[in-house]
Amino acid sequence: MTILETERLWLKPYQADMADSVYAVIQKREIADTMLMVPHPYPRKQLDGWLDYVQKSFDIGHAFEYAVFTKDQPARYIGNCGLVAVSKTHHSGEIGYFIDPAEWGQGYATEACRRVLEQAFTEHDLNRVFGRCLARNPASRRVLEKAGMAFEGRFEQEFFMDGAYEDIEYLALLKQDYGTTQQDTPF
């Protein structure tokens with residue numbers, strides 16, 4: 001089992017026994033409001049299917065999503081970060097993340113993203129990793145920028161959510177630029 005470590009965090013592969021802790025976070029309205037693919041209300045039964053999918057994807061190398069815990073409270077689930085899709089053919093992947101709204105502003109998303117990017121380029125030998133966020137969510141864009149990603153563009157009205165079209169911003173980082181673009185701020 002691969003467990004990733006940062007200065008303040010543990011990133012652990014998902015296990016079925018994490019379901020209740022994950023549900024306590026993912027069912028929050030603030031998560032759905034800032035994520036592209038998370039409904040609200042979030043059906044509890046859907047979570048079990050998602051956890052199974054995440055575990056199988058991890059095992060076959062199609063995605064590497066991690067449950068995020070702080071070292072200060074190692075049993076308390078605070079979010080998700082990982083490569084949500086990996087193309088072995090194209091040596092690329094998409095990074096995704098969410099953090100419990102009670103922990104927003106602590107730099108945990110940036111810290112976790114930096115570690116996942118390190119793994120993407122050094123262990124999975126990816127050449128390109130991209131992330132995307134709602135244009136109306138500048139905090140999420142800032143997380144990706146602080147992790148070292150550069151803005152590539154905005155797709156207008158790409159998603160239809162809660163009765164409205166949403167613009168989506170794309171950011172990416174190439175392996176050749178990894179380590180040279182991270183912000184100097186700690187998180």
Side-chain angles (χ1 to χ4, degrees), residues 2-14 25 30-31 33-38 54 57-58 61-72 77-101 103-156 158-159 166-187:
T2 302
I3 296 175
L4 305 181
E5 181 179 1
T6 72
E7 181 182 330
R8 303 179 298 161
L9 303 173
W10 294 109
L11 284 71
K12 303 176 184 180
Y14 280 93
V25 173
E30 297 94 333
I31 298 291
D33 191 47
T34 58
M35 299 289 296
L36 300 176
M37 304 294 193
V38 176
V54 167
S57 295
F58 198 104
H62 289 173
F64 301 95
E65 292 190 62
Y66 293 92
V68 180
F69 300 85
T70 64
K71 289 182 176 179
D72 290 346
Y77 175 85
I78 66 159
N80 168 287
C81 187
L83 298 170
V84 299
V86 172
S87 170
K88 293 178 182 181
T89 302
H90 301 292
H91 307 276
S92 65
E94 177 182 1
I95 194 167
Y97 54 89
F98 63 82
I99 296 293
D100 186 336
E103 302 296 335
W104 286 358
Q106 303 296 314
Y108 293 137
T110 300
E111 188 172 342
C113 284
R114 285 179 178 169
R115 182 61 181 95
V116 167
L117 287 168
E118 177 185 356
Q119 182 192 44
F121 294 124
T122 62
E123 296 174 36
H124 298 304
D125 198 29
L126 298 185
N127 183 60
R128 180 178 187 276
V129 177
F130 77 94
R132 56 189 174 162
C133 60
L134 296 166
R136 64 175 167 79
N137 187 356
S140 189
R141 177 177 169 170
R142 186 72 183 126
V143 165
L144 295 171
E145 289 172 335
K146 288 172 75 173
M149 300 180 120
F151 179 73
E152 289 190 324
R154 177 186 287 209
F155 286 60
E156 293 185 4
E158 184 177 15
F159 277 79
E166 296 280 356
D167 295 352
I168 308 300
E169 294 184 338
Y170 283 77
L171 292 89
L173 180 61
L174 300 177
K175 185 175 188 174
Q176 69 190 25
D177 299 324
Y178 174 70
T180 64
T181 59
Q182 291 182 351
Q183 300 289 326
D184 292 333
T185 55
F187 306 110

Check whether Tyr77 reaches the backbone of Gly79 with its side chain - one donor and one acceptor, N or O, closer than 3.5 Å. yes

Please determine if Lys71 and Glu7 form a salt bridge, counting it only when a charged side-chain N lies under 4.0 Å from a carboxylate O. no

Is the closest side-chain heavy-atom distance between Leu173 and Leu117 below 4.5 Å? yes

Under 3.5 Å donor-acceptor pairs involving side-chain atoms of residues 89-100, not counting sequence neighbours:
| unit_1 | atom_1 | unit_2 | atom_2 | d |
| --- | --- | --- | --- | --- |
| Glu94 | OE2 | Arg132 | NE | 2.8 |
| Tyr97 | OH | Ser140 | O | 2.8 |
| Tyr97 | OH | Ser140 | OG | 2.5 |
| Asp100 | OD1 | Lys28 | NZ | 2.7 |
| Asp100 | OD1 | Ala102 | N | 2.9 |
| Asp100 | OD2 | Lys28 | NZ | 3.3 |
| Asp100 | OD2 | Arg76 | NH2 | 3.3 |

Is the charged tip of Arg154 near the ring of Tyr170: under 6.0 Å from the six-membered ring centre and within 45° of its axis? no

Heavy-atom check, side chain of Phe130 versus side chain of Arg128, under 4.5 Å: yes

Looking at OG1 of Thr180 and OH of Tyr178, how far apart are the two atoms once the value is rounded to the nearest 0.5 Å? 10.5 Å

Checking Glu166, Arg141, Glu169 against Arg136 for side-chain contact (heavy atoms from CB on, under 4.5 Å), the one that qualifies is Glu166

If you measure from the Lys or Arg side-chain nitrogens to the Asp or Glu carboxylate oxygens, is any gap between Glu111 and Arg114 under 4.0 Å? no

Please tell me if the side chains of Leu134 and Ile168 come closer than 4.5 Å, counting only heavy atoms from C-beta onward. yes

Nearest heavy atoms of Ala63 and Val86, plus distance in Å: CA-CG2, 4.3 Å

Are Asn127 and Phe121 packed together at the side-chain level, in the sense that at least one heavy-atom pair is separated by less than 4.5 angstrom? no

Closest heavy-atom contact between Trp10 and Ile3? CE3-CG2, 3.8 Å

If I take atom CG from residue Leu174 and atom CG from residue Leu126, how far apart are they, to the nearest 0.5 angstrom? 11.5 Å

Keeping Ser57 on the side-chain end and Val54 on the backbone end, is there a donor-acceptor pair under 3.5 Å? no

Looking only at heavy atoms, what is the nearest atom pair of Pro101 and Glu30, with distance? CG-CB, 3.5 Å

Check: Asp167 and Glu158 side chains under 4.5 Å, non-hydrogen atoms: no

If you round to the nearest 0.5 Å, how far is OG1 of Thr70 from CD of Gln106? 10.0 Å

Any salt bridge linking Glu65 with Lys12? Criterion: basic side-chain nitrogen under 4.0 Å from a carboxylate oxygen. no

Taking ring-ring contact (aromatic ring centres under 6.0 Å, His included) as the definition, give me every residue that meets it alongside Phe58, ordered by chain and number, with sequence neighbours left out. Phe64, Tyr66

If you round to the nearest 0.5 Å, how far is CG of Asn137 from CZ of Arg142? 13.5 Å

Between Lys175 and Asp125, is there a salt bridge with N-O shorter than 4.0 Å? yes

When rounded to the nearest 0.5 Å, the distance separating SG of Cys133 from CD of Glu145 is 8.5 Å

So, do Arg115 and Leu9 sit near enough that their side-chain heavy atoms are less than 4.5 Å apart? no

Report yes if the side chains of Ile78 and Phe69 come closer than 4.5 Å at any heavy-atom pair, otherwise no. no

With side chains defined as the heavy atoms from C-beta onward, is the minimum distance between Val68 and Asn80 less than 4.5 Å? no

Cys81 versus Leu11, closest heavy-atom pair with distance: CB-CD2, 4.4 Å

